[in-house]
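Comments concern the structure below.
Throughout, protein chains are lettered first and strands after them, A, B, ... in sequence-line order, and every chain is numbered starting at 1.
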Amino acid sequence: MPELPEVETTRRGIAAGLVGQRVAGLAVREPRLRWPIDPELGRILRGQPILGVERRAKYLLLEFPHGTVLFHLGMSGSLRLVDPPPPAPRPHDHVDLELANGTCLRYHDPRRFGCLLWIEGDAGAHPLLRHLGPEPLEAGFDGAHLYRASRVRRSSVKQLIMDGQVVVGVGNIYASEALFLARVDPRRRANRVSLARYGALADAVREVLGLAIAQGGTTLRDYVNGRGVPGYFAQQLSVYGRAGAPCPACGAPIRQLRIAQRSTFFCAHCQR
DNA sequence: ACTGGATCCTGACTGC
DNA sequence: TGCAGTCAGGATCCAG
């Protein structure tokens, strides 16, 4: 699934084609996502102009005069712009947001862990967005912030940086990658990492996310950006998915284990 | 208040 | 080839 770089790549791919356009209709072929799609959504959006396409954490936000459409891509979702005439929908193409100029925004999600919600009024006050931590690529996220958040934590440092209330957008791939870059053992208890090492970790999170965005995201199986093009960051992953392969820094075999049910990859020699 | 675990769902892959 | 079992990029909810 899309982590922050994939969502941001999607946003950049679709924004120019959406902003300023009016909604002509909404075709919902499968409303059963994480939460059911509001049956009134088509009526609510019809004729309304899209004012902006923003991202908060892994949520994509389509801004309208009176509210916001919130997309989450879950584990297997993707959004792409389709030029007219739209080709016949493939399996799992659950929703088309049709624009007045004939283009449509097509939502595809085999596992249906994603969602499509209408938020009336101020989106920032919505329960899904209200308690989110800082954006990792913006001011407000640094080593001091991680250090403060970690003092009361007994769980692992990997779980800390994947907690959306601490910092948003760091998913399972980039958590392993950032910990490798910062040479921090993912199993280490969060409250036993020093301020200096949290500084290195915050830098590593920013670096790995920034690089991944520049590469168009990571495509493992099915991620494509807003124009149907895969990302290229997978070629630069240092540890994720590379169990048994040599560590790019020291050559020791990369180890894999599970932390909180999620596969975790690291070099036991480099990371302490 | 934290933490770990189960859970939603489909598809790809592995091993017998 | 078929089938069962495992695993997957997320994050909410619930029990302890």
Atom pair distance, as rounded to whole Å: [atom1] in [X] and [atom2] in [N]:
| X | N | atom1 | atom2 | value |
| --- | --- | --- | --- | --- |
| Gln261(A) | dT3(B) | CD | P | 15 Å |
| Phe113(A) | dG11(B) | CZ | C1' | 12 Å |
| Asp109(A) | dG10(C) | CG | P | 13 Å |
| Met75(A) | dC8(B) | CE | C1' | 11 Å |
| Met162(A) | dT12(C) | CE | C1' | 14 Å |
| Arg189(A) | dG4(B) | CZ | C1' | 13 Å |
| Leu129(A) | dA11(C) | CG | C1' | 13 Å |
| His131(A) | dC2(B) | NE2 | P | 13 Å |

Query raised in the report: Phosphate oxygens OP1/OP2 of dG10(C): is one of them under 4.0 Å from a side-chain N or O of His72(A)?
Result: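 No, no such contact exists.
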
Report task. Kindly say if Arg262(A) contacts the phosphate of dG10(C), meaning a side-chain N or O under 4.0 Å from OP1 or OP2. Result -> yes

Looking only at side-chain atoms of [X], point me to the closest of [options].
| X | options | result |
| --- | --- | --- |
| Leu128(A) | dA11(C), dT12(C), dG4(B) | dT12(C) |
| His92(A) | dT3(B), dA11(C), dT10(B) | dT10(B) |
| Pro110(A) | dG4(B), dC8(B), dG11(B) | dG11(B) |
| Tyr240(A) | dA8(C), dT3(B), dT12(C) | dA8(C) |
| Trp35(A) | dG4(B), dT10(B), dT12(C) | dT12(C) |
| Arg111(A) | dC2(B), dT10(B), dA11(C) | dT10(B) |

Report, one line per pair, each donor and acceptor closer than 3.5 Å where one atom sits in a side chain of residues 196-207 of chain A; sequence neighbours left out.
residue	atom	partner	partner atom	Å
Arg197(A)	NH1	Arg272(A)	O	2.9
Arg197(A)	NH2	Arg183(A)	O	2.7
Arg197(A)	NH2	Arg272(A)	O	3.1
Tyr198(A)	OH	Ala190(A)	O	2.7
Asp203(A)	OD1	Arg206(A)	NH2	2.8
Arg206(A)	NH1	Phe141(A)	O	2.7

Query raised in the report: So what does Tyr174(A) hit on the nucleic acid, given a heavy-atom distance under 4.0 Å: a base, only sugar-phosphate, or nothing?
Result: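 Nothing, no heavy atom under 4.0 Å.
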
Report task. Report which part of the nucleic acid Arg154(A) touches: base, sugar-phosphate, or nothing (heavy-atom distance under 4.0 Å, all strands). Result ->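 Sugar-phosphate: the residue Arg154(A), judged by heavy atoms under 4.0 Å, touches backbone atoms but no base.
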
Donor-acceptor contact below 3.5 Å, side chain [X] vs main chain [Y]:
| X | Y | result |
| --- | --- | --- |
| Glu30(A) | Asp93(A) | no |
| Glu177(A) | Leu237(A) | no |
| Arg46(A) | Gly25(A) | no |
| Asp96(A) | Cys104(A) | no |
| Thr9(A) | Asn225(A) | no |

Query raised in the report: Within the modelled atom types, does a donor on one side and an acceptor on the other bring the side chain of Arg112(A) and the base of dC9(B) under 3.5 Å apart?
Result: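 No.
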
Query - Joint hydrophobic cluster, Leu60(A) plus Leu41(A), side-chain heavy atoms closer than 4.5 Å - result: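 Leu60(A) and Leu41(A): one cluster.
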
Report summary line: Counting only Watson-Crick and G-U wobble pairs with both atom distances below 3.5 Å, the stems of 3 or more consecutive pairs that include DNA chain B are B:2-8 with C:10-16, B:10-16 with C:2-8

Query raised in the report: Under a 4.0 Å N-O cut-off, is there an ion pair linking Asp38(A) with Arg43(A)?
Result: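 Salt bridge flag = no for Arg43(A) with Asp38(A).
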
Query raised in the report: Between dT6(C) and dA6(B), how far is it from one P atom to the other, in whole Å?
Result: 14 Å

Requested in this report: Return the 5'-most residue of the pair Val152(A), Arg34(A) with respect to DNA chain B, ranking by each residue's nearest nucleotide.
Outcome: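 That would be Val152(A).
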
